[in-house]
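Okay, structure first, notes after.
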There are 2 protein chains.
Amino acid sequence: MKAKDQIKLLVVDDHPTFRMGLVALVESQTDMTVAAEAGDGKSAMDLFRQKKPDVVLMDLRMPGQGGVETILALLKEFPSARVIVVTTYDLDEDIFRAIQAGAKSYLLKDMPREQIIATIRDVHHGKHKLPPGVLSRLEERSRRQELTEREMEILQLIVKGRSNKEISSALFISEDTVKYHLKTLFTKLGVQDRTEAAISAVRHGIVHLE
Amino acid sequence: MKAKDQIKLLVVDDHPTFRMGLVALVESQTDMTVAAEAGDGKSAMDLFRQKKPDVVLMDLRMPGQGGVETILALLKEFPSARVIVVTTYDLDEDIFRAIQAGAKSYLLKDMPREQIIATIRDVHHGKHKLPPGVLSRLEERSRRQELTEREMEILQLIVKGRSNKEISSALFISEDTVKYHLKTLFTKLGVQDRTEAAISAVRHGIVHLE
DNA sequence: CCGCGATTCACCCATTCGGGTAGTTTTGCG
DNA sequence: CGCAAAACTACCCGAATGGGTGAATCGCGG
């Protein structure tokens with residue numbers, strides 16, 4: 001197979017060993033090759049400008065600039081760039097944001113090698129089919145109502161274990177207002193109380209721990 | 001370098017791509033080689049019996065038999081086996097249980113390649129030094145008081161968002177008793193209320209989501 | 001057999017929480 | 001400008017929660 005026919009890839013992941021696995025996987029195929037590797041969003045941008053890869057494999061959780069921000073920046077500069085997200089966490093919110101940002105597909109790190117390879121070929125050929133498991137999560141996400149900014153702030157404080165009083169003073173609003181937001185928050189998340197809300201937020205990736 | 005001088009490794013991880021990365025990493029070194037790969041605990045046991053590797057690299061979260069159970073079973077049959085845990089989650093409880101089970105070291109999947117290689121050599125030579133980050137988490141874990149079985153049950157239900165009344169009927173005890181356990185639970189975890197308890201339990205890996 | 005930790009239950013009390021209703025202000029968009 | 005959504009505040013009320021105290025039972029190891 002001639003080199004010019006090969007799919008040129010950029011691999012972006014801050015885990016050195018996993019990145020090595022992706023590279024080994026890609027290089028084991030005759031019709032694709034890794035043009036460059038990056039460990040963070042910034043150098044990913046630089047390397048894309050230099051190498052102009054056909055497809056980018058991108059992790060979402062990275063130090064510094066996150067994956068979603070990088071996708072956004074990349075597509076702004078190169079609207080035709082094709083990005084496949086390959087990440088550990090199958091959290092609804094991450095998937096949703098990545099697809100919203102313009103990722104062509106979303107794979108999980110524990111998926112079989114054949115599926116990763118097949119998806120690279122598909123995306124390179126312009127298709128962007130999502131794996132069934134990922135698709136169902138995306139649907140679940142879209143069934144959930146959008147949270148307002150204020151509700152997000154409050155939800156984050158809930159996850160930090162703050163009481164209504166603490167939240168009210170942290171946001172410079174009355175305790176009643178906090179309770180008001182909580183009510184709508186509970187119905188949107190489909191939960192009964194703050195503990196369920198906190199767990200649900202973490203489980204769906206609306207709020208990240210740490 | 002003669003083959004008999006090489007460190008023989010068994011790599012156990014259910015993520016095909018990460019496993020590929022570990023294999024590529026090991027094979028890039030002249031003094032070590034991968035004797036076998038396994039995607040779950042059961043086949044890891046089989047392959048250990050066949051190949052008798054010098055060192056085992058083992059993930060913790062695996063379908064079916066988990067990592068800790070596998071380590072326990074392995075060391076019961078082969079007390080001299082040397083197991084290094086290589087896992088994604090740097091949760092205090094996982095680390096603690098793995099070391100308790102007899103793992104010689106505990107690495108995180110996002111660690112640099114050199115550190116993984118160096119640890120393999122160290123463990124093969126009988127050392128079992130833990131990386132500083134892991135060590136500090138282990139110390140934090142040991143500062144925490146041990147939870148009783150009952151407290152664990154209740155904590156799990158708290159994470160599921162159950163109310164005191166629901167917990168009491170689920171465990172066939174009075175609501176007052178639930179409240180009693182919660183008190184000691186709160187002090188042991190160093191938290192103020194059930195929401196903090198739930199988050200803390202998830203963060204430290206005492207209770208797993210999903 | 002004694003002690004100790006774990007578990008169980010009860011009662012009281014103050015605080016917090018969650019639900020309902022009602023109203024004003026702010027903000028963004030057509 | 002005018003409307004709609006979001007944000008904010010207040011009040012009431014019942015339920016849930018968390019803290020304190022006291023006490024009985026059970027099982028296990030010294």
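Chain naming here is simple, since letters A, B, ... match the order of the sequence lines and numbering starts at 1 in each. Just so it is clear, the model here is predicted, and its values are computed rather than measured.
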Check whether more than 12 heavy atoms from other residues, nucleotides or ligands sit under 6.0 Å from atom NE2 of A:His128, and answer yes or no. no
NZ (A:Lys160) with more than 12 external heavy atoms under 6.0 Å: no
Under 3.5 Å donor-acceptor, [X] side chain and [Y] backbone:
X: A:Arg82; Y: A:Lys104; answer: no
X: B:Arg162; Y: B:Ile167; answer: no
X: A:Lys8; Y: A:Lys51; answer: yes

Using the ring of each side chain (for Trp, its six-membered ring), is B:Tyr89 parallel, tilted or perpendicular to A:Tyr89, with breaks at 30° and 60°? perpendicular
Side-chain donor-acceptor pair present, A:Ser168, A:Ser174, cut-off under 3.5 Å: no
Between B:Thr177 and A:Arg194, name the one whose nearest nucleotide on DNA chain C is closer to the 5' end. B:Thr177
Between B:Arg150 and B:Asp176, which has a closest nucleotide on DNA chain C that is more 5'? B:Arg150
B:Glu146/B:Arg141 under salt bridge (Lys or Arg N to Asp or Glu O under 4.0 Å): CA gap, chis, key distance, verdict: CA-CA 9 Å; B:Glu146 203 77 43; B:Arg141 166 56 178 82; 3.2 Å; yes
Identify the residue among B:Leu147, B:Thr148, B:Leu171 that makes a side chain to side chain contact (heavy atoms under 4.5 Å, CB included) with B:Glu153. B:Leu171
Check every nucleotide of DNA chain D for an atom under 4.0 Å from a heavy-atom of chain A, then give the first and the last such nucleotide from 5' to 3'. D:dA6 to D:dC11
Classify the nucleic acid contact of B:Thr148 as base, sugar-phosphate or nothing, counting any heavy atom under 4.0 Å across all strands shown. sugar-phosphate
So what does B:Tyr180 hit on the nucleic acid, given a heavy-atom distance under 4.0 Å: a base, only sugar-phosphate, or nothing? base
First and last nucleotide of DNA chain C touching chain B, 5' to 3', heavy-atom cut-off 4.0 Å? C:dA6 to C:dC11
Residue whose nearest DNA chain D nucleotide is more 5′ - A:Lys188 or A:Val178: A:Lys188
Terminal axes of the helix from C:dC1-D:dG30 to C:dG30-D:dC1 (five pairs each): angle between them, nearest 10 degrees: 50°
Among A:His124, A:Arg121, A:Gln6, which residue satisfies the side-chain hydrogen bond (donor to acceptor under 3.5 Å, both in side chains) criterion with A:Asp31? A:Arg121
Does a side-chain heavy-atom distance below 4.5 Å link A:Leu107 with A:Pro131? yes
